[in-house]
Amino acid sequence: MAKDTLTITDNRTGKSYEIPVTDGTIRAMDLRQIKTSNDDFGLMSYDPAFVNTASCRSAVTFIDGDKGILRYRGYPIEQLAEQSTFLEVAYLTVKGELPAPSHLNAFVRNITLHTIIHENITKFIDGFHYDAHPMGILVSTVAALSTFYPDAKKIFDAESRKLQTHRLIAKMPTLAAFAYRHSVGMPYAYPDNDLSYTGNFLNMMLKRTELKYRPNPVLERALDVLFILHADHEQNCSANAMRSVGSSHVDPYSAVAAATAALYGPLHGGANEQAVRMLAEIGSVQNVAGYIKRVKAGETRLQGFGHRIYKNYDPRAKIIKQIADEVFAVTGKSPLIDIALELERIALQDEYFISHRLYPNVDFYSGIIYQAMGFPLDMFPVLFAIGRTPGWIAQWQEMLLDPETRIARPRQVYVGSQRRDYVPVAKRSDDTTAAA
Ligand code: CMC
């Protein structure tokens, strides 16, 4: 009769063990009983980069990478992108349910009331070099928020978590826009509470001398959808950073700073910037085939292609591709879109990309849209961070409230020197030490 267990026979000892299988997983700790002797530490699993290890149980986001499915709290991303707003999705992500009208209104009001930042923060943004990457500024300023809100240390107080959630979702766009204004030498544009969340962000980014900034509704909606598409993506590198750093019980601003730092890397949130740079480097549709050859020769990677989880078309890339036309109708067509389409066309027919199951990911088209909307390249990961903030908070809160949570602390396989005795510096020869 079928049983939900796994029987393991240790060929070193001939002993057999029966281990429970729950939700398609075994508990790594169940391996520890497998020993060759009493003083053996016990068997561990070795999984660099966690490619086959579930680090938590989560109810936030569901992804089926083989089928190209993404759902937040059960709702398909396609429905949310078409019918919802970013703040409604933020509520859903953090609280688990779509809000009733009165709850949505209260949530939007709370976020709107918290968009302003303490004036001292503008002083240290002023201190950054004129060409400082806005992601570096965002990492630093969101970490600095923890010093303004010492009450955020009360992470097991539900009211405090709620307040920090409102503050974080509200202030990320302000920090992001101020980082941008600093880099272009423009005075900070303060939040306008008459505008929507995304409309106000565009105001803080792009307002010039006009008394009242009025966002273009098509671009405002397009950016809102892009934020929705980025709201969460289960246990990605930055969510893992958020959970791991948060598991030490640090305040949420410090944990979001760690997550933002993880997002900064070119393999994660930096890929949309790299994708646009790559398309510009390719330069024309005629050069696409030559570039693909270089990728296949291992000289470079196709930026915005491939994903650890999606082995099919990223559903977010499909939605973004549709938005592109609406945005170009307002901004004029980006010359990079034809190169991107040709790159995708050739790659999807090519044996290398087919066999490696490499498809466009969210970053392949998002950068082209951001650029057409007037955002400079180095703001792309910052836009990603604004969208991802509700997801980080949802993951952090879920981690804190999970009774199984302990401080994240992986094991290692030690491969260094065995015990050896200290040799005084004068007695060491050149050939035994590495050059400085
Ligand atoms: N171009 C060419 N070959 C690739 C690419 C690519 N973009 N991505 C993976 N491969 C190949 C890789 O060379 C390897 O080949 P082989 O097995 O022959 O050595 C194989 O595919 C597996 O690659 P991997 O690096 O082991 O895969 P991974 O799951 O560790 O990496 C990834 C996933 C997203 C880091 C990687 O696909 C990549 O570097 N893509 C380009 C950067 C990018 O677009 N990142 C954005 C990810 S989506 C946004 C987000 O969620 O953060």
Side-chain angles (χ1 to χ4, degrees), residues 47-56 58 60-61 63 65 70 72 77 93 133-140 142-143 168 172 175-176 179 226-246 254-279 300-311 313-317 320 356-371 375-396 399 408 410:
D47 188 10
F50 303 140
V51 286
N52 197 38
T53 294
S55 61
C56 61
S58 181
V60 182
T61 291
I63 301 176
L70 169 62
Y72 300 155
I77 190 67
T93 312
H133 196 292
M135 226 18 203
I137 301 182
L138 186 64
V139 170
S140 321
V142 74
L168 270 162
M172 285 293 269
L175 297 176
L226 284 157
F227 286 155
I228 292 174
L229 299 183
H230 286 90
D232 193 56
H233 213 234
E234 51 120 305
Q235 304 313 312
N236 55 84
C237 180
S238 56
N240 184 55
M242 183 82 196
R243 280 178 175 264
S244 183
V245 171
S254 303
V256 167
T260 311
L263 189 69
Y264 193 177
L267 296 188
H268 191 7
N272 48 16
E273 182 179 342
Q274 298 307 326
V276 169
R277 287 191 200 285
M278 173 191 75
L279 294 171
T300 182
R301 279 194 170 198
L302 210 49
Q303 295 301 326
F305 255 71
H307 200 276
R308 171 64 59 79
I309 304 291
Y310 293 119
K311 300 301 169 196
Y313 213 101
D314 181 337
R316 301 168 299 174
I320 293 183
H356 285 76
R357 304 181 73 192
L358 298 169
Y359 293 85
N361 61 48
V362 67
D363 290 322
F364 192 61
Y365 289 106
S366 63
I368 305 175
I369 299 183
Y370 292 147
Q371 196 185 36
F375 291 109
L377 295 196
D378 55 10
M379 276 302 283
F380 296 0
V382 173
L383 299 169
F384 193 155
I386 295 172
R388 185 54 58 87
T389 300
W392 289 332
I393 296 168
Q395 299 285 344
W396 167 73
M399 174 277 301

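As the structure is a computational prediction, the values presented were derived from the model and not from experiment.
- Between the side chain of Asp314 and the backbone N or O of Pro360 there is no donor-acceptor pair closer than 3.5 Å.
- Distance alone, capped at 3.5 Å, places no donor-acceptor pair between the Asn240 side chain and the Gln235 backbone.
- Here the CD-OG distance, from Glu273 to Ser366, works out to 11.0 Å after rounding to the nearest 0.5 Å.
- Contact record, Thr93 with Ala394: O-CB, 3.2 Å, taken as the closest heavy-atom pair.
- In this structure, the ring-ring contact (aromatic ring centres under 6.0 Å, His included) partners of Phe384, at least two apart in sequence or on a different chain, are His230, His268.
- Side chains of Gln303 and Asp363: no donor on one and acceptor on the other come within 3.5 Å.
- The distance from the CG atom of Leu377 to the CG atom of Asn272 is 9.0 Å, given to the nearest 0.5 Å.
- Heavy atoms only, all atoms of each residue included: Phe364 and Gly304 are closest at CB-O, 3.3 Å.
- Between Thr61 and Asp232, the side chains place a donor N or O and an acceptor N or O closer than 3.5 Å (distance only, hydrogens not considered).
- A distance-only check finds a donor-acceptor pair linking the side chain of Tyr72 to the backbone of Leu229 [under 3.5 Å].
- Of all heavy-atom pairs between Ala257 and Ala143, the closest is CB-CB, 3.6 Å.
- With contacts defined as side-chain heavy-atom distances shorter than 4.5 Å, the pair Arg243/Ser58 qualifies.
- In this structure, Val256 and Leu168 have side chains that are in contact, with non-hydrogen atoms separated by less than 4.5 Å.
- The two atoms that bring Ala255 and Val245 nearest to each other are CA-CG1, 4.1 Å, heavy atoms only.
- When all heavy atoms are compared, the tightest approach of Ile368 to Val276 is N-CG2, 3.7 Å.
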Inset, instruction - Would you please test Arg388 and Ser238 for side chain to side chain contact (heavy atoms under 4.5 Å, CB included) and show each step? - result: CA-CA 9 Å; Arg388 185 54 58 87; Ser238 56; 4.2 Å; yes
Inset, instruction - Verify side chain to side chain contact (heavy atoms under 4.5 Å, CB included) between Met172 and Trp392, making sure each step is shown before the conclusion. - result: CA-CA 12 Å; Met172 285 293 269; Trp392 289 332; 4.2 Å; yes
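- Under the rule for a ring-ring contact (aromatic ring centres under 6.0 Å, His included), Tyr365 has no partner lying at least two apart in sequence or in another chain.
- Taking OH of Tyr370 as the reference point, atom CD1 of Ile320 lies at 6.5 Å (rounded to 0.5 Å).
- Counting heavy atoms from C-beta outward, Lys311 and Leu358 have side chains that stay 4.5 Å or more apart.
- Atoms CG and CE, from Leu138 and Met379 in turn, are 8.5 Å apart once rounded to the nearest 0.5 Å.
- Side chain of Asp378 to backbone of His133: no donor-acceptor contact under 3.5 angstrom is found.
- If you take CG on Leu175 and OG1 on Thr260, they are separated by 9.5 Å, rounding to the nearest 0.5 Å.
- Shown here are the ring-ring contact (aromatic ring centres under 6.0 Å, His included) partners of His307, two or more places apart in sequence or in another chain: His233, Tyr310.
- Atom CG of Leu70 sits about 5.5 Å away from atom CD1 of Ile63, to the nearest 0.5 Å.
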Inset, instruction - Apply the test ring pair (Phe, Tyr, Trp, His ring centres under 6.0 Å) to residues Phe305 and Tyr359: give CA-CA distance (whole Å), side-chain angles for both, the deciding distance (0.1 Å), then the verdict. - result: CA-CA 5 Å; Phe305 255 71; Tyr359 293 85; 8.0 Å; no
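- Of all non-hydrogen atoms in Gln395 and Ala239, the two that sit nearest each other are CG-CB, 4.1 Å.
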